[in-house]
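A short write-up of the structure that comes next.
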Amino acid sequence: MNQDVRTDSLRPMTDIQMRQTREFVDNLASVSQTYWDMVTVGDVLSRELHITPELCILYADAVEDFNPWYEGWKMNTWYIKGESPFGSAIVPPLLVSHFVLSVQFDHTKTFAVGSIHTYHDTEIFEPIHVGATVRINARAIDKFIKRERRYVRHEVTVEDVGSGALYLRETRDILSR
């Protein structure tokens, strides 16, 4: 085991945890790639996401957005239809945007290192109702160099699995080492 007394002693971890952490970091260093090298223009990744009332409440609590429009769940009652100006309860507008990174980074490939999300533009076309199942599609549309730094641009769409209605479209840039 490769120990680093300067850092290992700073963490309140057991010897086993330190060894496992060190092995994980050493493995990343030996097999990881930069995001730039992992992505080809035209790559499309997709994921379906069922938006439950609990997910909406957890997200709204985390971002401290306590709008009653998002409430499709109530303590000791469980699911309720909820109310909003759009009919039933709706999803916080950027909740789905939060899940885009889980689509952009392909879990079947080796972990990417040195990536930073640097640009984000979102268009929201209509609200998503609590209980919907959406499909998040992320397509690599460009790779470019700006000020000697490498970027990968993605176009993201979020649509209803059943109806195909387009809820949201985003453009995102990832800076890569």
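Computed over heavy atoms, backbone and side chain alike; hydrogens, waters and symmetry mates excluded. One-based numbering along the sequence shown.
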Linking I/L/V/M/F/W/Y whenever their side-chain heavy atoms sit closer than 4.5 Å, directly or via other members, would [X] and [Y] fall into one cluster?
X: Val152; Y: Ile141; answer: no
X: Ile145; Y: Val41; answer: no
X: Val63; Y: Ile124; answer: yes
X: Leu45; Y: Leu49; answer: yes

So do [Y] and [X] actually touch side chain to side chain, heavy atoms under 4.5 Å?
X: Pro92; Y: Cys56; value: yes
X: Tyr59; Y: Leu94; value: yes
X: Tyr167; Y: Thr157; value: no
X: Phe99; Y: Leu55; value: yes
X: Thr34; Y: Arg150; value: yes
X: His50; Y: Val161; value: no

TODO: State whether Phe125 and Arg169 meet the cation-pi test: NZ (Lys) or CZ (Arg) under 6.0 Å from the six-membered ring centroid, and within 45° of the perpendicular axis.
DONE: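 Judged by the rule (NZ or CZ under 6.0 Å from the ring centre, within 45° of its axis), Arg169 is not positioned above Phe125.
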Backbone of [Y] reached by a side-chain donor or acceptor of [X] within 3.5 Å:
X: Ser84; Y: Trp69; result: no
X: His98; Y: Val100; result: no
X: Thr14; Y: Gln17; result: yes

Working to the nearest 0.5 angstrom, can you tell me the gap between [X] [atom1] and [Y] [atom2]?
X: Glu126; Y: Asp160; atom1: CD; atom2: CG; value: 8.5 Å
X: Trp36; Y: Ser176; atom1: CH2; atom2: OG; value: 8.0 Å
X: Asp173; Y: Asp121; atom1: CG; atom2: CG; value: 10.0 Å

- [ ] Taking all non-hydrogen atoms of both residues into account, name the closest pair between Lys143 and Val39 and its distance.
- [x] NZ-O, 2.7 Å
Task: For the student: nearest non-hydrogen atoms of Thr52 and Val130, plus distance - done: C-CG1, 4.2 Å
Open item on the list: Which label fits Phe144 and Tyr151: parallel for a plane angle under 30°, tilted from 30 to 60°, or perpendicular past 60°?
Closed with: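 Because their plane-to-plane angle is under 30°, the rings of Phe144 and Tyr151 count as parallel.
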